[in-house]
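A quick note: this is a predicted structure, and the numbers were derived from the prediction, not measured.
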Number of protein chains: 2
Amino acid sequence: MADVARAAGVSSATVSYVLSGKRPVAPETRAAVEEAIAELSFTVNVTARSLRTGRSSLVALIVPDIVNPFYAQLAATLQEELRERGLHVVVCNTRARRDEEQTLLAEAVQQRFAGVIITPFRLKPRDFAPIVDAGIPVVVSADVSFGPMDLVTPDARAATRRALEQVAAAQRRRIAMIAGPRDATGGDPRLEHLRALALQLGMALPHDMVVRGEHTREAGAAGFAELMSRRHRPDALFCGNDVIAVGAMEKAHELGFDIPGDVALIGHDDASFASLVRPRLTTIRYPAAEVARAAAQLLTERLDGRKVHKTVRVKAEFVARASV
Amino acid sequence: MADVARAAGVSSATVSYVLSGKRPVAPETRAAVEEAIAELSFTVNVTARSLRTGRSSLVALIVPDIVNPFYAQLAATLQEELRERGLHVVVCNTRARRDEEQTLLAEAVQQRFAGVIITPFRLKPRDFAPIVDAGIPVVVSADVSFGPMDLVTPDARAATRRALEQVAAAQRRRIAMIAGPRDATGGDPRLEHLRALALQLGMALPHDMVVRGEHTREAGAAGFAELMSRRHRPDALFCGNDVIAVGAMEKAHELGFDIPGDVALIGHDDASFASLVRPRLTTIRYPAAEVARAAAQLLTERLDGRKVHKTVRVKAEFVARASV
DNA sequence: GTGAAAGCGCTAACAG
DNA sequence: CTGTTAGCGCTTTCAC
């Protein structure tokens with residue numbers, strides 16, 4: 001920048017102001033500076049800028065499983081949205097482990113990230129105290145609140161209700177669920193949600209019709225095998241997400257159960273493979289791209305100075321395919 | 001750091017040396033410093049360090065499509081590997097567009113990234129000149145070389161041969177391929193490779209049996225429809241990657257073709273959904289995790305001072321499933 | 001074994 | 001409308 005200033009016959013402050021536009025610069029001065037910049041193919045040193053201003057251009061995206069297409073899509077859209085505003089996305093995969101979630105959060109503080117967008121899995125609300133105290137804007141994408149931070153959360157009421165209605169219309173009454181692990185934060189709100197709505201519709205989701213496991217195909221397979229070995233088998237099976245659901249579906253094929261003949265299967269998220277499996281998976285779609293846009297919006301508002309925290313609800317949608 | 005120095009009654013230089021271990025420090029001094037660090041819960045300012053040393057801890061991963069599970073897995077493993085060495089992965093999605101690839105590469109220079117790991121799609125070798133000149137280590141993950149840089153590349157000879165042999169054993173002779181777009185760099189080496197091997201085995205892959213398109217389900221569907229509308233239909237169809245292949249498979253269902261009865265289908269990569277579709281997709285597996293580990297290794301070697309460029313070959317593997 | 005001090009490249013007062 | 005200058009927090013040479 002000193003070189004540019006010398007070449008243009010101005011001070012380095014002027015070069016800085018030409019770049020940032022934070023104060024008016026005479027047209028001919030600006031022209032001279034821009035020419036010098038082009039001539040020397042100068043680019044600002046972002047590190048020096050960060051050091052001086054105290055804010056970096058890095059945003060951490062912390063998710064349980066980047067290989068899950070839902071999160072991959074989230075990352076892709078987020079990256080696109082934030083790049084327009086000069087921000088970069090650092091992807092952090094926690095593999096749903098609490099220690100990694102904690103480490104990553106701590107590292108975001110240490111690295112002075114500009115912001116964090118996170119889907120917590122086993123974190124507790126109090127784990128967020130250090131990062132909030134550090135003044136780093138945090139957007140949580142989750143079913144429940146984790147404290148005084150921006151939140152993007154699904155509105156799945158209508159979609160879940162429609163799913164249950166369709167199940168009921170098919171004369172299915174024995175509802176079951178393969179939920180997330182018991183020690184996940186909130187103990188899987190999707191389960192509580194489903195149970196409450198089922199009750200409203202005069203159906204029940206008894207505790208012995210719920211099995212739990214990680215958000216993996218293996219857990220889905222194991223859960224399916226367990227539920228179908230019960231004396232009273234379910235005839236409609238909800239899953240915590242689509243990864244679990246396809247695990248269950250694979251197990252169904254293996255054990256010779258027909259879907260939806262023997263049991264209907266309903267997933268969550270509409271991950272890209274949901275429409276590829278056979279039968280096509282009926283699911284409660286949570287639009288990753290929209291979630292990403294909402295999160296990007298909330299984050300930039302915060303960076304622009306908004307003080308109070310906000311919650312954005314993103315509508316989930318029932319996608320009827322062949323598995324019900 | 002000044003605070004820590006004051007609390008420990010030493011100079012900030014000593015604190016720095018305690019942290020870096022770059023020069024011996026007396027045990028009791030070290031203890032005092034470490035206590036002060038813990039007391040004040042001090043963490044180094046990475047930005048200041050970067051400015052001073054001239055190297056950041058950021059590595060850009062530039063890929064055509066992060067939603068493709070192959071690249072998602074690559075990102076996940078890479079992130080894991082590099083985090084151990086204090087490096088962070090910034091994910092950059094190009095959507096297979098040349099302009100975005102160029103922008104991202106330029107940005108890596110401007111941001112003074114520590115390194116870049118890239119799967120180029122439409123870039124030309126000369127596009128790499130600026131970043132190489134800037135002294136930023138680049139690892140290319142591709143089928144062909146892009147110049148004097150580290151390269152991770154598949155060794156798919158044996159796997160492709162086995163695929164062709166199995167096709168031949170099933171008395172199939174009319175081979176076709178849905179390849180990548182004509183303007184992709186190198187014009188899809190997988191096609192050239194397949195053609196050469198087919199020739200060796202006494203089979204042919206004539207030009208009119210090749211259609212081209214993006215690496216998308218839509219392109220796969222369109223390609224399948226076109227090939228199957230020919231007077232002489234293929235009975236074995238190779239695809240540039242698994243995304244194309246499932247697109248083709250969907251179209252086959254739609255048009256009432258049986259796979260593998262009417263036509264065998266062979267993908268590339270073994271993306272996670274390949275084993276989920278029906279019939280399960282036979283594919284030439286390119287192990288993303290292994291590629292990531294190789295790339296991480298090459299990159300860190302470079303950062304540690306290796307001057308000459310190296311090439312690592314990662315063996316591809318034929319995965320026989322139900323679609324052949 | 002330790003300290004003093006220069007300086008990485010930039011931004012934002014402050015001064016004109 | 002433009003320039004001067006003081007740091008941001010760290011690493012590293014030089015001196016002791």
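Regarding Leu51(A), its CG atom lies at a distance of 17 Å from the P atom of dA6(D), rounded to whole Å. As rounded to whole Å, 14 Å separates atom C1' of dC8(D) from atom CZ of Arg55(A).
The side chain to side chain donor-acceptor pair (under 3.5 Å) test with Arg98(B) singles out one residue from Thr185(B), Asp183(B), Asp127(B), and that residue is Asp127(B).
No side-chain donor-acceptor contact under 3.5 Å links Glu107(A) and Thr103(A). Residues Arg85(B) and Thr300(B) have side chains that bring a donor and an acceptor to within less than 3.5 angstrom of each other.
Under the 4.5 Å side-chain criterion, counting only non-hydrogen atoms from C-beta, Leu123(A) is in contact with Gln102(A). You'll find the side chain of Pro120(A) reaches within 4.5 Å of the side chain of Val140(A), heavy atoms only.
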Would you tabulate the side-chain donor-acceptor contacts of residues 15-37 of chain A under 3.5 Å, counting partners in other chains and residues two or more places apart, or write 'none'?
from: Ser20(A); atom 1: OG; to: Ser16(A); atom 2: O; distance (Å): 3.3
from: Ser20(A); atom 1: OG; to: Lys22(A); atom 2: N; distance (Å): 3.2

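Reading DNA chain C from its 5' end, the first and the last nucleotide to sit under 4.0 Å from a heavy atom of chain A are dG9(C) to dC14(C).
Taking the six-membered ring where the residue is Trp, His215(A) and Phe121(A) present perpendicular rings, their angle passing 60° and hence far from 30°. Ring orientation note: the planes of Phe128(B) and Phe146(B) are nearly perpendicular, at an angle over 60° on the 30°/60° scale.
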Contact list (N/O, under 3.5 angstrom) for nucleotides 10-12 of chain D vs protein:
from: dC10(D); atom 1: OP1; to: Asn45(B); atom 2: N; distance (Å): 2.9
from: dC10(D); atom 1: OP2; to: Met1(B); atom 2: N; distance (Å): 3.1
from: dT11(D); atom 1: OP1; to: Arg49(B); atom 2: NE; distance (Å): 2.6
from: dT11(D); atom 1: OP1; to: Arg49(B); atom 2: NH2; distance (Å): 3.2
from: dT11(D); atom 1: OP2; to: Ser16(B); atom 2: OG; distance (Å): 2.9
from: dT11(D); atom 1: O2; to: Arg52(B); atom 2: NH1; distance (Å): 2.2
from: dT12(D); atom 1: OP2; to: Lys22(B); atom 2: NZ; distance (Å): 3.3

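Donor-acceptor pairing under 3.5 Å, judged by distance alone, is absent between the side chain of Arg6(A) and the base of dG3(D).
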